[in-house]
Amino acid sequence: MVPKRNQTLGEFIIENQNSFQYSSGELSKLINAIRLAAKVVNHEVNKAGLVDIIGLAGDTNIQGENQQKLDVFANEKFIQTLTNREIVCGIASEEEDSFVSINSHDENHQNKYIVLIDPLDGSSNIDVNVSVGTIFSVYRRVTPVGTPVTLEDFLQPGHKQVAAGYVVYGTSTMLVYTTGDGVNGFTLNPALGTFYLSHPNMQFPEEGTIYSVNEGNYVHFHPGVKDYIKYCQMEEENRPYTSRYIGSLVSDFHRNMIKGGIYMYPKSSVTQSGKLRLLYECNPMAFLAEQANGLAIGGKNRILDIEPTELHQRVPFFCGSRKMVEKLQEFLAKYQ
Ligand code: AHM
Ligand code: MG
């Protein structure tokens with residue numbers, strides 16, 4: 001199906017529903033629910049500067065990080081929207097200790113999808129008016145419908161994803177997603193509350209000139225990553241590259257996909273596994289990257305091939321324009 005610019009997201013979902021094999025409309029309902037929750041969260045994010053919602057809620061999440069009020073709000077909204085509509089049989093969130101089962105034990109509930117979500121990524125940026133995002137990832141459950149969902153349903157390698165996407169709450173709000181047939185981006189018209197197809201068939205340029213990494217941690221990086229960063233800074237051909245790091249994965253990824261670039265969150269001598277979560281952040285972004293002609297690796301391996309062992313697992317993450325990731329791989333290989 002050729003995407004038509006200016007089509008609404010609602011129209012796009014309906015038109016594309018028939019292109020899925022064995023489509024029952026369940027996935028369409030799911031994307032619709034995410035669209036709705038995204039609008040609610042967007043409304044709240046946009047007025048964050050106006051009302052007393054900014055600040056710490058006082059809780060810490062399972063990773064021991066401070067949760068901010070908008071994280072809590074976004075987490076509740078996405079879980080509520082998917083739960084109330086009984087569209088999925090299970091949800092796991094970066095903000096929750098464990099996964100939630102949604103009537104999955106009930107044999108009348110035939111829902112087969114589970115969702116993993118990072119409700120508000122880049123949360124350290126909320127109270128300084130810098131863009132944040134929501135990341136989601138969808139799988140078919142592996143245990144039989146009508147039985148309770150188990151951890152096994154959530155610990156699937158990324159290449160099993162059925163859909164993935166993100167919402168970026170930036171200068172405009174966009175919902176970008178894939179169901180395995182390319183990546184399309186929809187921009188919210190806030191006056192109408194409608195998402196319009198603004199970026200059909202998004203693709204990473206083969207080669208880019210932007211590198212995004214928290215260089216403050218340079219001293220702790222693997223020598224291969226250090227060498228690659230030096231390579232980016234060398235005066236040769238189209239280098240030195242431009243350094244751009246927002247500290248919101250969604251925003252850094254979004255910019256790099258449009259302009260061409262590489263995002264890196266390596267492991268370091270301090271964080272042995274890196275910082276980003278495989279299931280909530282790396283897998284969905286890797287699926288999007290590959291669908292958009294980019295690459296995503298954790299070192300030697302493709303992110304989408306990693307067999308997860310725990311819900312909140314962290315992995316090193318390198319993602320972006322194909323040729324840039326391949327060049328990084330050459331540097332990493334020198335030390336293996
Ligand atoms: P979060 O889920 O707690 O917001 O952390 C994830 C974020 C990413 O969006 C971002 O790229 C990275 O953490 C920034 O980390 P750092 O401040 O260490 O550079
Ligand atoms: Mg996050």
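Just so you know, ligand 1 is whichever comes first in the structure, and atom 1 is the first atom listed for that ligand. If you read the sequence from its start, that first residue is 1, and numbering goes on from there. Reckoned from all heavy atoms, side chains included, excluding hydrogens, waters and symmetry mates.
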Engineer: For the Mg ion (ligand 2), find the closest N/O/S atom on E281 and give its atom name.
Structural biologist: OE2

Engineer: For a quick check under 3.5 Å, do R141 and T143 share a side-chain donor-acceptor pair by atom type?
Structural biologist: yes

Engineer: Using distance alone, decide if ligand 1 has a nitrogen or oxygen within less than 3.5 Å of any nitrogen or oxygen in V250.
Structural biologist: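 No: no nitrogen or oxygen of V250 is under 3.5 Å from one in ligand 1.
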
Engineer: May I ask you to check if ligand 1 and G122 share an N or O to N or O distance below 3.5 Å?
Structural biologist: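 Yes.
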
Engineer: So if I count the atoms of ligand 1 from 1 in the order they appear, which ones are less than 4.0 Å from some heavy atom of S123?
Structural biologist: 4 (O)

Engineer: I'd like to know if D252 contacts ligand 1, where contact means a heavy-atom distance under 4.0 Å to any ligand atom.
Structural biologist: no

Engineer: Regarding T194 and N189, do their side chains bring together a donor and an acceptor under 3.5 Å, going by distance alone?
Structural biologist: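 Their side chains do not contain a donor-acceptor pair, so the 3.5 Å distance test is not met.
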
Engineer: Can you name the atoms of ligand 1, numbered from 1 with element, that are less than 4.0 Å from a heavy atom of D118?
Structural biologist: 2 (O)

Engineer: What atoms of ligand 1 come within less than 4.0 Å of a heavy atom belonging to E281?
Structural biologist: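 It comes down to these atoms of ligand 1: 2 (O), 6 (C).
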
Engineer: Side chains of S251 and S131 only: does a donor on one sit below 3.5 Å from an acceptor on the other?
Structural biologist: yes

Engineer: Do ligand 1 and K275 have nitrogen or oxygen atoms that lie under 3.5 Å from each other?
Structural biologist: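 Yes: some nitrogen or oxygen of K275 is under 3.5 Å from one in ligand 1.
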
Engineer: Looking only at N, O or S atoms, which one in D121 sits nearest to the Mg ion (ligand 2)?
Structural biologist: OD1

Engineer: Can you confirm whether the side chains of Q156 and Q161 place a donor and an acceptor under 3.5 Å from each other?
Structural biologist: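 Q161 and Q156 do not have a side-chain donor-acceptor pair below 3.5 Å.
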
Engineer: If you count the atoms of ligand 1 from 1 in the order shown, which ones are under 4.0 Å from a heavy atom of N214?
Structural biologist: 16 (P), 18 (O), 19 (O)

Engineer: Between S321 (side chain) and M324 (backbone), is there a donor-acceptor pair under 3.5 Å?
Structural biologist: no

Engineer: Can you sort out which atoms of ligand 1 are near Y263, meaning under 4.0 Å from one of its heavy atoms?
Structural biologist: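 It comes down to these atoms of ligand 1: 10 (C), 11 (O).
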
Engineer: Are R239 and E236 ion-paired here, with the side-chain N under 4.0 Å from a carboxylate O?
Structural biologist: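 Salt bridge between R239 and E236, a charged N being under 4.0 Å from a carboxylate O: yes.
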
Engineer: Under a 4.0 angstrom heavy-atom cut-off, which atoms of ligand 1 come close to E94?
Structural biologist: 2 (O)

Engineer: How about F154 and Y280: are their ring centres within less than 6.0 Å of each other?
Structural biologist: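 No, too far apart.
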
Engineer: Taking the ring centre of each residue, are Y231 and F331 less than 6.0 Å apart?
Structural biologist: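 Between Y231 and F331, the centre distance is under 6.0 Å.
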
Engineer: To check you understand the geometry: which heavy-atom pair defines the closest contact between Y169 and V45, and what is its length?
Structural biologist: CB-CG1, 4.0 Å

Engineer: If you count the atoms of ligand 1 from 1 in the order shown, which ones are under 4.0 Å from a heavy atom of R277?
Structural biologist: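 Close to R277: 2 (O), 5 (O).
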
Engineer: Return yes or no for this condition: an N or O of Y245 is under 3.5 Å from an N or O of ligand 1.
Structural biologist: yes

Engineer: Among the N/O/S atoms of D118, which is closest to the Mg ion (ligand 2)? Give the atom name.
Structural biologist: OD2

Engineer: Is the closest basic N to carboxylate O distance between R302 and E290 below 4.0 Å?
Structural biologist: yes

Engineer: Does ligand 1 have a heavy atom under 4.0 Å from the side chain of L249, from its backbone, from both, or from neither?
Structural biologist: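 Both backbone and side chain.
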
Engineer: Side chain, backbone, both or neither: which part of S248 has a heavy atom under 4.0 Å from ligand 1?
Structural biologist: backbone

Engineer: Applying a 4.0 Å heavy-atom criterion (strictly less than), which segment of I246 is in contact with ligand 1: side chain, backbone, both, or neither?
Structural biologist: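 For I246, there is no contact with ligand 1 at all, from either part.
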
Engineer: Will you find, in the side chains of S137 and N283, an N or O donor that is under 3.5 Å from an N or O acceptor?
Structural biologist: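 Note: S137 and N283 side chains miss the donor-acceptor criterion.
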
Engineer: Looking at E26 and K29, does any basic side-chain N land under 4.0 Å from a carboxylate oxygen?
Structural biologist: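 Not counted as a salt bridge, because no side-chain N and carboxylate O are separated by less than 4.0 Å.
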
Engineer: Which single N/O/S atom of E94 lies at minimum distance from the Mg ion (ligand 2)?
Structural biologist: OE1

